[in-house]
Number of protein chains: 2
Amino acid sequence: MRSSAKEALLSNAATLFSRSGYNAVSLRDVAKAAGVNVGSLTYHFGSKANLLREIYTRHTLPMNARRLELLGEARRIKDPDERLMAILRAYVVPAFVSSSGGDGGGAEFTRMRAVLSAEGNPDAQAIIADAFDETSRTFIEALGECVPGAPLESLVWRSQFLLGGLYYALINPERVTRLSNGAVDGDDREAAVRHLVEATYASFRSLSGTSPQRSEPLTVSTPPIQENQT
Amino acid sequence: MRSSAKEALLSNAATLFSRSGYNAVSLRDVAKAAGVNVGSLTYHFGSKANLLREIYTRHTLPMNARRLELLGEARRIKDPDERLMAILRAYVVPAFVSSSGGDGGGAEFTRMRAVLSAEGNPDAQAIIADAFDETSRTFIEALGECVPGAPLESLVWRSQFLLGGLYYALINPERVTRLSNGAVDGDDREAAVRHLVEATYASFRSLSGTSPQRSEPLTVSTPPIQENQT
DNA sequence: AACTGATTTGTACAAGTGTACAAATCATGA
DNA sequence: TCATGATTTGTACACTTGTACAAATCAGTT
């Protein structure tokens, strides 16, 4: 193992950032969590902003690659409703999966994105923007093909709500548990994915002006979530 | 005007918090924005956490009152579909309205809630939780009555996504503009409300196992958003 | 064993943080 | 006019922040 120390730093920092945001986590917090001196951080990363940047580049590419791979599979589905469902899963699942290691995105990284996007930190803002827009646009296009005639405006807003729902499910899962008086487990990520995909499916489906609505409520078939390494 | 200085401080602080979160905003930032010395803040509020608390109590009650008032009106609607739509509007509109003054909630306050909930700051966390749960539970119950037979789990998750979409629309409106290459204006709050309500309507509607789906896509009638003072 | 380059440590620094408090200022009623 | 209480100011404090850098330690090659 070459630079496993650097890996450990990246991993620890990502965890802390995803939990408390960028501003509230000091380099000393990161160092302490990794059992290492502060100086190591400046040595390896130069600056705090650059540490964040490295976390990003570590996760962004694999995650989007996985998404696009699943999107490719989904696009081959003929039936527009099933395709719609598959496309939504392709977008959501890689963001929710609890990945082991720095590979395919994962819930922690997505949570970090969510928190950072809310903080509006200039350092973070710049790093985030361009990394995901292209992928999102590709998905919006694919979604649009499932609901012919739907106006772009509706597609974009709904994709915004999808991401918002995704983020908030990861940021505030306790709320689900609390509101249901413990009857629903907010930390159940499989359930979160299932419901998010179902709800978004219905919201996109309703945009289809031409095809008639299906009468029986369509429930998602739920194979256990798991990522295959690409 | 009695304590207009304190009002100005609260207002300025809310603006800054809603823009950059709690951690990133220092008391000196707040003081500078209000054109006032730092000491005034400790004098009026005692501590930073307490300043936040006062902002919260200032907005929470009127906003929830307005929501519940609109909910009361909505509940009198017989047709479950129209009622569903009205209930959703009752939840969303008061949170989106750009309120003038410290009256009925408003977009800035909601944005602040969104940012703070993401930051996970302990001070903030404690202040937020109980203030809104009760109202949310009331809404979930009302929503459930519009889609008989829908499982609680689905209702709760969908309400979570609703709030997530609401938050993210306020936190990151530029993304909407960007993803659409400028074709859609993310800062158009009326449009945001309309689309959010439409999308959520469809997602709840699909839960109704008994009643048949309506075939023509239902679009929201959109009177211009405006709050009447209670 | 001795040299070399990479890494880790310890420590320092300037800047900024929330909070505290005496002094100055203001507004108001007697 | 003056006394009183509320507000505002200025300044100080202990502490944390990101960053910088010399010294110590480690790993690998000769």
Side-chain angles (χ1 to χ4, degrees), chain A residues 1-56 58 102 112 115-116 119-127, chain B residues 1-56 58 102 112 115-116 119-127:
Chain A
M1 270 180 221
R2 271 285 274 128
S3 56
S4 83
K6 199 173 174 182
E7 296 289 340
L9 283 174
L10 280 173
S11 168
N12 273 294
T15 304
L16 292 181
F17 284 157
S18 80
R19 207 169 293 162
S20 318
Y22 180 77
N23 295 318
V25 173
S26 74
L27 291 183
R28 282 165 180 82
D29 292 335
V30 177
K32 190 171 294 175
V36 143
N37 194 277
V38 213
S40 294
L41 285 165
T42 19
Y43 173 74
H44 280 296
F45 304 103
S47 74
K48 192 184 179 186
N50 209 61
L51 165 61
L52 178 63
R53 199 183 316 271
E54 290 220 22
I55 296 174
Y56 249 84
R58 185 65 49 104
M112 194 186 85
V115 176
L116 293 189
E119 267 188 330
N121 183 292
D123 284 351
Q125 210 81 325
I127 297 174
Chain B
M1 264 175 229
R2 270 285 276 129
S3 57
S4 82
K6 198 173 174 182
E7 296 288 340
L9 283 174
L10 280 173
S11 168
N12 273 295
T15 304
L16 292 182
F17 285 158
S18 80
R19 208 170 291 164
S20 317
Y22 180 78
N23 295 317
V25 174
S26 73
L27 291 183
R28 282 162 181 84
D29 293 335
V30 177
K32 190 170 294 177
V36 144
N37 195 278
V38 214
S40 293
L41 284 165
T42 19
Y43 173 73
H44 281 295
F45 304 104
S47 74
K48 190 184 179 184
N50 209 60
L51 164 60
L52 179 63
R53 200 182 316 270
E54 290 221 21
I55 295 175
Y56 248 86
R58 184 67 49 104
M112 193 187 85
V115 175
L116 293 189
E119 268 189 331
N121 182 293
D123 283 351
Q125 210 82 326
I127 298 174

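Throughout, protein chains are lettered first and strands after them, A, B, ... in sequence-line order, and every chain is numbered starting at 1. These numbers were taken from a predicted model, which means no experiment stands behind them.
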Could you state the atom-to-atom distance from [atom1] of [X] to [atom2] of [N] in whole Å?
{"X": "A:Lys48", "N": "D:dT17", "atom1": "NZ", "atom2": "P", "result": "9 Å"}
{"X": "A:Phe45", "N": "C:dT8", "atom1": "CZ", "atom2": "C1'", "result": "14 Å"}
{"X": "A:His44", "N": "C:dT7", "atom1": "NE2", "atom2": "C1'", "result": "6 Å"}
{"X": "A:Leu16", "N": "D:dG18", "atom1": "CG", "atom2": "P", "result": "12 Å"}
{"X": "B:Asn50", "N": "C:dG18", "atom1": "CG", "atom2": "P", "result": "15 Å"}
{"X": "B:Leu52", "N": "C:dG18", "atom1": "CG", "atom2": "C1'", "result": "15 Å"}
{"X": "A:Leu41", "N": "C:dG10", "atom1": "CG", "atom2": "C1'", "result": "14 Å"}

Trace of the side-chain contact (heavy atoms from CB on, under 4.5 Å) decision for A:Leu51 with A:Leu27: CA-CA 10 Å; A:Leu51 165 61; A:Leu27 291 183; 4.2 Å; yes
Salt bridge (charged side-chain N to carboxylate O under 4.0 Å, His left out) partners of residues 17-40 of chain A, not counting sequence neighbours, each pair once: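 Sorted pair list comes back empty.
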Nucleotide nearest B:Asn37 (side chain, heavy atoms from C-beta), chosen from D:dG10, D:dT19, C:dT19: D:dG10
Distance-minimising heavy-atom pair for B:Ile55 and B:Ala13: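 Closest heavy-atom pair between B:Ile55 and B:Ala13: CD1-CB, 3.8 Å.
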Minimum-distance pair of heavy atoms, taken over all atoms of B:His44 and B:Glu54: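 Shortest heavy-atom separation between B:His44 and B:Glu54 comes out as O-OE2, 4.3 Å.
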Heavy-atom donor-acceptor pair, B:Tyr22 side chain to B:Ala49 backbone, under 3.5 Å: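 Judged by distance alone, yes, a pair lies under 3.5 Å.
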Pairwise distance CG(B:Leu10) to CZ(B:Arg58) - rounded to 0.5 angstrom: 5.0 Å
By ring-ring contact (aromatic ring centres under 6.0 Å, His included) - contacts of B:Phe45 (at least two apart): none
Can you give me the N/O atom pairs linking the protein to nucleotides 21-26 of chain C at distances under 3.5 Å, or say none if there are none?
none

Strand-adjacent residues in residues 20-34 of chain B, judged by heavy atoms under 4.0 Å from DNA chain C: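 Heavy-atom contacts with DNA chain C come from B:Val25, B:Ser26, B:Leu27, B:Arg28.
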D:dT8 phosphate, OP1 or OP2, under 4.0 Å from B:Tyr43 side-chain N/O: no
side-chain contact (heavy atoms from CB on, under 4.5 Å) partners for B:Ala24, two or more places apart: A:Asn23, B:Ser20
Side-chain heavy-atom pair A:Asn121, A:Leu116 within 4.5 angstrom cut-off: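 In short, these two side chains do not touch, never coming nearer than 4.5 Å.
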